[in-house]
A.B. asks: 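Questions regarding the structure given below will be posed in turn.
Just follow the structure's listing: the first ligand is 1, and inside any ligand the first atom is 1. The structure displayed is predicted, hence computed values, not measured ones.
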Amino acid sequence: MNMTRRTFIASATAACVAPCLRAEEKPATTTGLDFPLMDFHVHLDKSTIDAVLALPQARGVKFGIVEHAGTKENDYPVVLSNDAELKGYLDMLAGKPVFRGVQAEWIDWTSGFSTQALAKLDYVLTDTMTFPGKDGRRTKLWLKDVESLVDMADKQVFMDRFVDWHVKIISEQPIDILGNTSWLPAPLAADYDAFWTPARIRKVVDAAVKHRVALEISSSYKLPKLPFLKIAKATGVKFSFGSNGRYPKMGLLDYSIATAKELGLKRSDMFVPAPDGEKAVQRWKRG
Ligand SMILES: [Zn+2]
């Protein structure tokens, strides 16, 4: 039988059972982008994988699920802390048409896991939103009383420390994606353009290129802003899209799509999980 492209696609789709990436790809004509949509920052908090996969956006966007991972000192609804808990999480997602990731917490998160167990993940995402407080302990920068917990008396000095914190995490932690890229705590957020100078942006972006860490374009925070992203793109860094979504708000990527179009991002600019042997946790040397 002489198969035309159309009949080939129709038969391939019909033969495709649930975990089939091609069938889930949103047609390029829908977004104007030449790559399929993937939301690598989806939280299952207060929901289940089956409920999330029943959402209409799950037909056009492939999800990467991230559970929090780290020591029990971290305060989240679920924190995976050891190989057994990680295995339970991976088993729960086995056979589902999603990528399986974690959102790493703080800089001691690997301590409970073997490298072998971490290598079963598709990727590791983290962010810089927890920072050393005045007492040296992990402090959430989004807390209302953050200025009483973290020294921000001189905001420029804080910003330099915050950029160094980005570089430290990117260069020392075995991560594939930096989530919530360029987010600033409330006391600085209104002056985003002034605090994110080109020199500071370059420090973060150069570290990301050097250590093969992708930068997330966050649709929940609508960050980074375009001037940041233009400098990032010029260096050849990879990007990922993320909603940081809790049910039912995952897969909503309007800001990520709009900025990708504005920047002219192509398939080759986008993060995809590394093949076995090349994941960040496998390239990393335990200190
Ligand atoms: Zn998150």
Side-chain angles (χ1 to χ4, degrees), residues 37-49 51-53 55 57-58 61-81 85-86 89-90 92-93 96 98-110 113 118 121-131 138-144 146 162 165-166 169-170 173-186 189 204 208 213-224 238-256 259 270-271 273 280-281:
L37 292 178
M38 302 181 195
D39 179 350
F40 284 103
H41 197 156
V42 171
H43 289 285
L44 289 184
D45 302 9
K46 297 179 192 158
S47 186
T48 64
I49 185 60
V52 165
L53 288 174
L55 290 168
Q57 54 267 43
V61 181
K62 179 152 175 165
F63 293 155
I65 309 296
V66 286
E67 189 52 89
H68 292 279
T71 66
K72 294 295 182 200
E73 192 179 339
N74 296 289
D75 179 23
Y76 292 96
V78 176
V79 182
L80 307 173
S81 294
E85 290 171 1
L86 179 59
Y89 166 70
L90 289 168
M92 181 266 295
L93 295 178
K96 306 291 183 186
V98 295
F99 295 113
R100 302 183 295 174
V102 290
Q103 178 159 357
E105 292 303 323
W106 198 241
I107 51 178
D108 59 353
W109 69 277
T110 53
F113 301 104
L118 290 173
L121 290 161
D122 291 312
Y123 66 101
V124 175
L125 173 150
T126 195
D127 63 41
T128 55
M129 292 166 66
T130 309
F131 186 80
R138 64 196 75 196
T139 306
K140 293 171 174 177
L141 287 174
W142 63 94
L143 296 176
K144 274 199 166 58
V146 65
F162 195 40
W165 184 241
H166 282 69
I169 286 174
I170 289 169
Q173 296 296 314
I175 58 166
D176 301 281
I177 298 174
L178 182 72
N180 307 322
T181 307
S182 83
W183 176 91
L184 292 177
V204 173
V213 172
L215 301 179
E216 179 183 271
I217 304 176
S218 169
S219 279
S220 57
Y221 291 118
K222 297 187 167 58
L223 292 173
K238 302 279 186 201
F239 297 97
S240 70
F241 290 174
S243 68
N244 198 9
R246 269 76 174 173
Y247 190 84
K249 294 184 175 172
M250 45 276 297
L252 305 176
L253 297 171
D254 288 358
Y255 179 80
S256 310
T259 49
M270 303 306 295
F271 167 82
V281 295

A.B. asks: By side-chain contact (heavy atoms from CB on, under 4.5 Å), which residues pair with T110, not counting sequence neighbours?
C.D. replies: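 Once residues adjacent in sequence are excluded, the partners of T110 under the side-chain contact (heavy atoms from CB on, under 4.5 Å) criterion are L118, P174, W284, R286.
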A.B. asks: Do we see a donor-acceptor contact under 3.5 Å between the side chains of S243 and S219?
C.D. replies: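 Judged by distance alone, the side chains do not pair up.
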A.B. asks: Looking at side-chain heavy atoms only, is the closest gap between F63 and L44 below 4.5 Å?
C.D. replies: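 Side chain of F63 against side chain of L44, heavy atoms only: no contact under 4.5 Å found.
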A.B. asks: Counting distance only, does the side-chain N/O of T181 pair as donor-acceptor with the main-chain N or O of E216 below 3.5 Å?
C.D. replies: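 Between the backbone of E216 and the side chain of T181 there is a qualifying donor-acceptor contact (under 3.5 Å).
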A.B. asks: Protein N, O or S atoms less than 2.8 Å from the Zn ion (ligand 1), ignoring waters?
C.D. replies: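 Atoms qualifying: H41 NE2, H43 NE2, Q103 OE1, N244 OD1.
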A.B. asks: May I ask you to test the H68-N74 pair for a side-chain heavy-atom distance under 4.5 Å?
C.D. replies: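 No, their side chains stay 4.5 Å or more apart.
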A.B. asks: Does G64 offer a backbone N or O that forms a donor-acceptor pair with the side chain of Y123 under 3.5 Å?
C.D. replies: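 A pair under 3.5 Å: yes.
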